[in-house]
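Every chain is numbered from 1, with letters handed out A, B, ... down the list of sequences. Computed over heavy atoms, backbone and side chain alike; hydrogens, waters and symmetry mates excluded.
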Amino acid sequence: MRKRVDKERLLGVVMISPSILAVAIFIYYFILWSARVSVSKWTGLMPDYTYVKLQNFIGLFHDPRFSIDIRNTLLFTLLFVSGSLIVGLILAILLDQDLKGESFFRSLFIFPMAISYIVTGVAWRWLMNPAAGGRISGLNLLFDKLGLDFLINSWYTTRVWGIAFIAIPAIWQMSGYVMALYLGGLRSIPQEIREAARVDGATEVEIYRHIILPMIRPITLSALIILGHMSLKVFDLIYSIAGKQVALDVPAIYMWQVTFDGLFYGRGAAIGILLLISVAVLIIPYMRYSLKTEESL
Amino acid sequence: MIRSRSRYLLYIPLVLAALFFLLPMYVMLVTGFKSFAEVNLQTMWDLPQAGIKLDNFKEAYRNLAPSLGNSFLMVIPAAVISSILGSINGYILAKWKFKGADVIFPLILFGMFIPYQSILIPLVSFMRQIGLYGSIPGLVLTHVIYGIPITTLTFRNYYATIPKELLEAARIDGAGIIRIFTKVLLPISLPSFVVVLIWQFTSAWNDFLFAVALTKPEAWPVTVALNNMAGSQIIAWNVQMAGSFLAALPTLVVYIFLGNYFLRGMMAGSLKG
């Protein structure tokens, strides 16, 4: 019997090994390969692995465009993450009130998740059309018609702060996801806890503020990390709204352009590695935490 | 729960939010259904006045048809293969833990979160070396492999909930590792397969980065073709809007009919089963 189990366990390893091999190559070997490119001289079409120490990284930190990228990423992350959390939480609380039509609204708020960032980008590019005067259109035209002229603005073409407006379609796309996370948390709180607080004379607002919100704090942390790591990787959405304008540049777009348009492979790989490190700093502790809590269940 | 009549006031923010979420869809559709003659940026919010015309959708379809076909050709095998691999991996990791499995599993999972920019240069070089650069099979392979983490996770979490006794009963009947999988677990795995298939279908369909890095124009999936169409000066914005809707339609249809399964895939993506 023992022998049979051992033999079968071995067969199990054989069954999973193609996937392990694929992951080992396409993820870990490729990361090492990228790391090697990032410390190489490689520019142009032919690979050149001449070691240049950290020159590509040092170059990036002296590169004004990369400073813009970091600043844009931080600003975008701040607005996108906080916006999605706030909108998501509000929607979740609204849907937690046992209203008629709840499932319709819920589906509606989540559907943008099923759509590609490219589609979102194309549609929002026209909604956020900055044209003024007689050629006014998109949301600006709507604001004009509704008498909300003070809201008319030049959107993502706004100087210096253009990147902030990219957060709007991003929030549109992801706040439903946050809502779903929160709603799951709210639903797992037993009715008795709310009832008990009500009996003690707590108002609804107090119940949320002092009992429910503290209980769903771990969800905020998860959402923060998931959205944060998405935000570091943002590419498609900005690319489809604005193309490759330096004013709206982020590391993922710079990486693309410097590598495949500019053929500075060393520098492109360095950006990739920096992105990986920043994502890993967020995700590894989160994974450890998630896997640990899962085991204790 | 807020009781009292003021509950109905809650519909005000809900309806406002609904309008915000519907905005892009509204514009895509009202624009799409106008005739060419009627299309005008300054009347983009108005409903079609001259009846429903399909000019824009026809023109968009004419432009996007080959890439829509490519997307289907790419997405279906990618979703099916990565789901099958995920179910095998999940089964082994949940029920046949081997030495080192506790290290391997997080290492696989991490692949779900990495920024693909950090593997893009090797990926493109590698695909050129093995002769799959530029083609649909190369893109399928890419989606299959980078899909392994999430499909494995979903199946592992599901199989972990299956009681040991069920497997042991099958063992006593003489079933081995493969028979237990095919006769006991696979028949009850349909919901997980739906979750994973939908998730993989959606993410491969919506992918842009891999597609733009790995395919040549004749193999472009619809996201790349749409982005190019939107970037060109020749194709009018109204056709772009109709094209966006066409590109969104397949995943939207899946979402409308199988939304709950989609939601479960979404939760798995944040490690929340």
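- Ranked by heavy-atom pairs under 4.5 Å with chain A, the first of Ser244(B), Pro115(B), Gly100(B) is Pro115(B).
- Heavy atoms closer than 4.5 Å to chain A are found in the side chain of Thr202(B), but not in its backbone.
- When atom types are taken as modelled, the side chain of Thr151(B) and the backbone of Ser82(B) share a donor-acceptor pair closer than 3.5 angstrom.
- Heavy atoms closer than 4.5 Å to chain B are found nowhere in Ala24(A), neither backbone nor side chain.
- Between the side chains of Asn227(B) and Ser240(A), not a single donor N or O lies within less than 3.5 Å of an accepting N or O.
- For the set Leu263(B), Val212(B), Leu252(B), the entry with the most heavy-atom pairs within less than 4.5 Å of chain A is Val212(B).
- For a residue to count as touching a neighbouring chain, one of its non-hydrogen atoms must lie under 4.5 Å from one of that chain's; by this rule Lys100(A) touches chain B with backbone and side chain alike.
- When ring centroids are compared, Tyr255(B) and Phe111(A) stay outside the 6.0 Å threshold.
- No other option in Ala18(B), Pro24(B), Ser125(B), Pro13(B) has as many heavy-atom pairs under 4.5 Å with chain A as Pro24(B).
- Contact of Phe126(B) with chain A is made through backbone and side chain together, with heavy-atom distances under 4.5 Å.
- Leu139(A) touches chain B through backbone and side chain together, each having a heavy atom under 4.5 Å away.
- Checked against the 6.0 Å centroid threshold, Tyr239(A) and Tyr117(A) do not count as a close aromatic pair.
- One side chain, Thr152(B) or Asn89(B), offers a donor N or O that lies under 3.5 Å from an acceptor on the other.
- Ring-centre distance between Tyr146(B) and Phe210(B): below the 6.0 Å cut-off.
- For Trp205(B), no part lies near chain A; criterion is any non-hydrogen pair under 4.5 Å.
- Neither the backbone nor the side chain of Ile256(B) has a heavy atom closer than 4.5 Å to any heavy atom of chain A.
- Side chains of Gln117(B) and Trp256(A): no donor on one and acceptor on the other come within 3.5 Å.
- Of the two parts of Ala101(B), neither the backbone nor the side chain holds a non-hydrogen atom closer than 4.5 Å to a non-hydrogen atom of chain A.
- Using a 4.5 Å cut-off between heavy atoms, Leu123(B) touches chain A through backbone and side chain atoms alike.
- Heavy atoms of Phe105(A) lying under 4.5 Å from chain B belong exclusively to its side chain.
- Looking at Trp124(A), only its side chain comes within 4.5 Å of chain B, counting heavy atoms on both sides.
- Contacts between Ile88(B) and chain A at a heavy-atom distance below 4.5 Å involve the side chain alone, from C-beta outward.
- Aromatic rings from Tyr91(B) and Phe155(B) are positioned such that their centres are separated by 6.0 Å or more.
- For a residue to count as touching a neighbouring chain, one of its non-hydrogen atoms must lie under 4.5 Å from one of that chain's; by this rule Ser175(A) touches chain B with the side chain only.
- Geometrically, Arg9(A) does not engage Phe98(B) in a cation-pi contact defined by less than 6.0 Å to the ring centre and at most 45° from the axis.
- Within the 4.5 angstrom heavy-atom criterion, only side-chain atoms of Val124(B), from C-beta onward, approach chain A.
- Phe262(B) touches chain A through its side chain: at least one heavy atom from C-beta onward sits under 4.5 Å away, while N, CA, C and O do not.
- The contact between Ile92(B) and chain A is made entirely by side chain atoms (from C-beta outward), counting heavy-atom distances below 4.5 Å.
- Side-chain atoms of Thr31(B) and Asn238(B) include no donor-acceptor pair closer than 3.5 Å.
- Judged purely by distance below 3.5 Å, without hydrogens or angles, the side chains of Asp96(A) and Tyr208(A) pair a donor atom with an acceptor atom.
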